[in-house]
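Everything on this sheet refers to the single structure shown next.
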Amino acid sequence: MAQNKKLMLGNQAVARGLHEAGCSFVSSYPGTPSSEITKFAALEEGVYAEWAPNEKVALEGAIGASFAGVRAFSAMKHVGLNVAADPLFTVAYTGVNGGLVVAVADDMGCHSSQNEQDSRHYARAAKVPMLEPADSEECRIFTRMAFEISEEYDTPVLLRLSTRISHSRTLCGMEPSVTYQAKNYVKNASKFVMVPAAARPAHAGLEKRMIALQKYSEDIVINTIEWGNKREIGVIASGIAYQATREALGDDASYLKLGMIYPLPLDLIKKLSESVDELWVIEELDDFIETHCRKNGIEVNGKESLSLLGEYTVQQIRQAVLSQRLPEAPMESALPIRPPIMCPGCSHRAAFHIIKKLKLTVMGDIGCYTLGSAPPLSAMDFCVCMGASVSALHGFLKSRPEYAEKTVGVIGDSTFLHTGINGLMNIVYNQTPATLLILDNSTTGMTGHQDHPGTGKTLDGTTAYAVDLEALCRSVGVSRVKTADPFDLDATEKAIKEELDANEPSVVILKRPCALLPVSRTGCKYKISEDKCTKCRRCLGIACPALQFGINGGIELDANICSGCGLCAKLCKFGAIVKEDSQV
C-alpha cells in the first residue's frame with residue numbers, strides 16, 4: 001500500500017514526528033521561527049502541549065516529564081536557547097529517562113530576531129548530539145530518530161532548524177504513532193541530583209558518551225556521501241545550505257550530506273577529502289564544520305570565499321565555488337525596502353506618540369513595540385533581549401539618576417511575565433526611582449498571538465487564571481501602579497508625567513487588546529474630509545499604514561485596512577478625519 005503523503009511546513013512535520021514518536025509532553029515559549037511546532041503539536045492525538053512563561057521554564061518542564069518516564073519535547077528560537085541554557089547543560093550530565101528532544105530554530109538573515117546566533121555551538125559546549133534536517137520530510141524523520149538516540153545514549157538531543165526549513169513546505173510521509181510504554185521512575189540521586197559529588201563522575205560519563213556518539217555518527221544513515229558525476233569538487237553541507245548547494249552545483253559535485261552535525265563524522269569527512277580534488281564546506285553563519293576539519297588537518301575551502309553573515313543564495317555559492325554566475329532572474333534587481341510597521345489600530349502607536357511628545361529616553365524590549373524605534377516615531381533608544389528593558393532601566397538610572405524624570409522602560413505583557421518581573425524586583429529591592437511602562441495587548445503578538453499566563457487561556461483554549469499585572473507589581477513592592485487606555489491620550493500622558501515626577505519605583509500599565517484580536521474589531525471606519533484637510537501631515541507622524549500620500553499631494557485613508565481606532569482623528573486639529581457615517 002502506498003504511504004500517505006501530505007504537504008507540510010517544516011514545523012508542522014516536526015509536530016507530526018512528535019506524534020509518531022509517541023511523545024506525550026510538549027512545553028515551549030513562542031519564538032519565530034519555531035512557534036508553529038507547538039501549535040501543531042497541540043492538534044496531534046495523544047500529545048499534551050502548553051505555553052510556558054519562558055524557555056527555561058519550558059525546558060525544565062520537559063526535563064521533569066522525561067524524568068517521569070515519558071518522551072518530552074521543547075521548542076524555541078535561537079535566542080530562547082540562551083534562556084534555557086542553564087538546564088540544558090546540566091541535563092546533559094544527568095541524562096534522561098524518557099527521551100528528551102529540544103528543537104532550536106536559528107534565524108539566518110535576522111528575519112525576526114536581534115542577532116544571527118549559531119546554535120551549533122551549544123551542541124559542542126553542552127556536549128549533546130545535534131541533528132539538522134534539510135526539508136520537511138527530514139523534520140518528521142529526524143524528530144523520531146532524535147528520541148531513539150536520546151534513549152539509546154541517555155542524553156538530550158538538539159534538533160536544529162532554520163527559518164527556511166521551518167517555514168517551507170515539502171511532501172511528507174505519514175506513519176502511525178509508535179506504542180510507547182512510559183518508563184518507571186526509580187529514585188537515583190547519583191544520576192539526577194547534580195551536587196558536586198555526583199557531577200564529577202557524571203562529567204566523566206558524558207565524555208565517554210561523546211566518544212560513543214562520535215563513532216555512531218560515522219554509521220548513522222543520515223550522514224551519507226552522495227557521489228557526483230565528477231570527483232573534482234566535494235562539498236560538506238547540511239540543512240538549508242545543502243539544498244542551496246545542490247541547486248548551485250548539481251550532480252557534478254560530490255556531497256557529504258550531514259544529518260547529524262554534532263558530533264561530526266571525521267572518517268566520512270576524510271573519505272570525501274581523499275576522493276576529490278577540492279573540498280568545500282558550505283555552512284551558513286559560523287565556520288563550525290570548517291574549523292573542525294582544519295583542526296584535524298583536513299584542508300577545505302569555505303569562509304575565505306563566503307560570508308559569516310546571513311543566508312547564502314544559489315548565486316553566491318556558484319560564484320564562490322565555480323567562479324560562474326547564473327542568469328539573473330527578471331526580478332533579481334534591488335527592490336525598494338519595505339520596513340516592518342505596526343498594524344493599523346495598534347495601541348502601541350498611541351503609547352509611542354505620547355512618549356515621543358514627552359521626548360523621553362526609552363529602554364525598550366522584544367515585541368511588536370520594538371517597531372516604535374523606527375521613523376517617524378523614533379521613540380526607542382535601547383533593545384537587547386527579553387526583559388532587558390527593566391534591568392537596563394535600573395542600571396541606567398542608578399548610574400545617572402539625573403535622567404530619571406525623562407527616562408522610562410517599555411515592555412509588553414508577555415515579555416514582562418517572561419523575564420521582566422525579576423528586573424522589577426531588582427528595581428524595588430535597590431530602591432531605584434524608575435518608571436516602567438507595560439504595554440499590555442493581552443497576547444504574545446509578534447510571534448502570532450499565542451496566549452500566556454496573563455491572558456486567561458491555555459494553548460488549547462481552556463479558561464485559566466489570568467495573572468493580574470497590577471497585583472503582581474504591587475506584590476513585589478511597587479506601591480505606585482496605574483492602568484490607562486493608551487487611546488485615551490490625555491489620561492495616558494497624565495499618568496506617565498505623574499509617575500516620572502514620583503521619586504520611587506512606579507509602573508504604568510497601558511492596556512488595550514491587540515488590534516488583530518476579534519475583541520478589537522469595531523467595524524467603524526474613517527475618511528478624510530478634503531475640505532477641512534490642510535495637508536499639515538501631522539497624522540502621518542503616527543506611521544499608520546492606512547494613511548498615505550494622495551496623488552494630488554493630499555492625505556488619503558485606505559478604508560480597506562483602517563481598523564477604526566480613531567487615533568488619527570484625535571490628532572487632527574482641524575477635524576478633517578471623520579467617521580464614514582458622519583456628515584462632512
Side-chain angles (χ1 to χ4, degrees), residues 339-384 388-390 392-393 396-397 400 402-413 415-416 434-441 445-446 482-502 506-512 514-515 526 534-549 555 557 563 565-574 576-577:
I341 195 168
M342 295 178 201
C343 302
C346 178
S347 60
H348 301 335
R349 182 175 286 109
F352 280 113
H353 167 73
I354 297 299
I355 288 169
K356 183 176 183 179
K357 178 182 177 181
L358 297 177
K359 299 179 179 179
L360 302 179
T361 298
V362 178
M363 301 289 107
D365 223 295
I366 304 294
C368 297
Y369 44 86
T370 315
L371 299 172
S373 62
L377 291 169
S378 303
M380 186 177 287
D381 300 86
F382 168 102
C383 179
V384 172
S389 59
V390 194
L393 177 65
F396 192 84
L397 296 183
R400 300 297 297 271
E402 66 270 25
Y403 293 156
E405 293 183 1
K406 280 292 184 178
T407 304
V408 295
V410 169
I411 193 169
D413 48 327
T415 310
F416 180 67
T435 299
L436 177 66
L437 310 183
I438 302 177
L439 307 190
D440 180 2
N441 65 354
M446 182 65 87
K482 292 181 177 176
T483 297
D485 181 346
F487 280 145
D488 187 339
L489 300 179
D490 291 338
T492 297
E493 182 173 350
K494 179 182 178 183
I496 294 174
K497 283 182 174 179
E498 288 178 351
E499 297 317 310
L500 284 170
D501 289 340
S506 62
V507 172
V508 179
I509 301 171
L510 298 178
K511 187 173 180 64
R512 165 71 71 131
C514 171
Y526 284 77
T534 65
K535 303 179 183 179
C536 70
R537 302 182 181 178
R538 186 168 187 257
C539 58
L540 297 181
I542 57 174
C544 178
L547 293 164
Q548 52 194 289
F549 286 114
I555 308 300
L557 198 158
S563 71
C565 72
L567 177 60
C568 57
K570 294 176 183 178
L571 295 178
C572 182
K573 294 182 177 180
F574 305 99
I577 304 177

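Values below: every heavy atom of this structure, side chains too, minus hydrogens, waters and symmetry copies. On a predicted model such as this, the values are computed, not experimentally measured, just so you know.
- Nearest heavy atoms, Ile354 versus Leu489: CD1-O, 3.8 Å.
- Between Leu571 and His353 the shortest heavy-atom distance is CD2-NE2, 3.1 Å.
- Between the SG atom in Cys544 and the CE atom in Met342 there is a gap of 11.0 Å [rounded to 0.5 Å].
- Of all non-hydrogen atoms in His348 and Cys368, the two that sit nearest each other are CD2-CB, 3.9 Å.
- The environment of Lys357 atom NZ is sparse: at most 12 non-hydrogen atoms of other residues, nucleotides or ligands sit within 6.0 angstrom.
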Next item on the list: Walk me through it: do Thr361 and Tyr403 pass the test side chain to side chain contact (heavy atoms under 4.5 Å, CB included)?
Entry: CA-CA 9 Å; Thr361 298; Tyr403 293 156; over 6 Å; no
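- Of the possible donor and acceptor atoms, one in the side chain of Thr370 sits under 3.5 Å from a partner among the backbone N and O of Gly367.
- Just one of Asp440, Val390, Leu437, Ile366 meets the side-chain contact (heavy atoms from CB on, under 4.5 Å) condition when paired with Ile411; it is Val390.
- At least one donor-acceptor pair closer than 3.5 Å links the side chain of Arg349 to the backbone N or O of Ile542.
- Minimum interatomic distance between Ile577 and Ala569 (heavy atoms only, all atoms of both residues): O-CB, 3.5 Å.
- The minimum heavy-atom distance between Phe487 and Gly345, with the atom names listed, is CZ-O, 3.5 Å.
- Annotation: Glu405, atom CD; neighbour count of heavy atoms from other residues, nucleotides and ligands within 6.0 Å does not exceed 12.
- Nearest approach of Ile341 to Ala543, heavy atoms of both residues: CD1-O, 3.0 Å.
- Although no hydrogens or angles enter the test, the distance criterion places a donor-acceptor pair under 3.5 Å between the side chain of Lys356 and the main chain of Pro376.
- With contacts defined as side-chain heavy-atom distances shorter than 4.5 Å, the pair Pro486/Ser347 qualifies.
- Contact check for Ile355 versus Leu377: no side-chain heavy atoms found under the 4.5 Å cut-off.
- Panel note: side chain Lys497, backbone Leu358; no donor-acceptor pair is recorded below 3.5 Å.
- Test Ile438, Leu439, Leu360 against Val410 for side-chain contact (heavy atoms from CB on, under 4.5 Å) and you get one pass: Leu439.
- Put simply, the side chain of Asn441 does not reach to within 4.5 Å of the side chain of Tyr369, judged on heavy atoms.
- Thr435 OG1 to Leu393 CG: the interatomic distance, rounded to the nearest 0.5 Å, is 7.5 Å.
- Remark: side-chain polar atoms of Ser373 are not paired, donor with acceptor, to backbone N or O of Ser378 under 3.5 angstrom.
- If you take CD1 on Ile555 and CG on Leu540, they are separated by 4.0 Å, rounding to the nearest 0.5 Å.
- To the nearest 0.5 Å, atom CZ of residue Phe396 and atom OG of residue Ser389 are 13.5 Å apart.
- The NZ atom of Lys494 sits 13.5 Å away from atom CD1 of Ile496, with the distance rounded to the nearest 0.5 Å.
- Ser506 places no side-chain N or O within donor-acceptor distance of the main-chain N or O of Leu500, the cut-off being under 3.5 Å.
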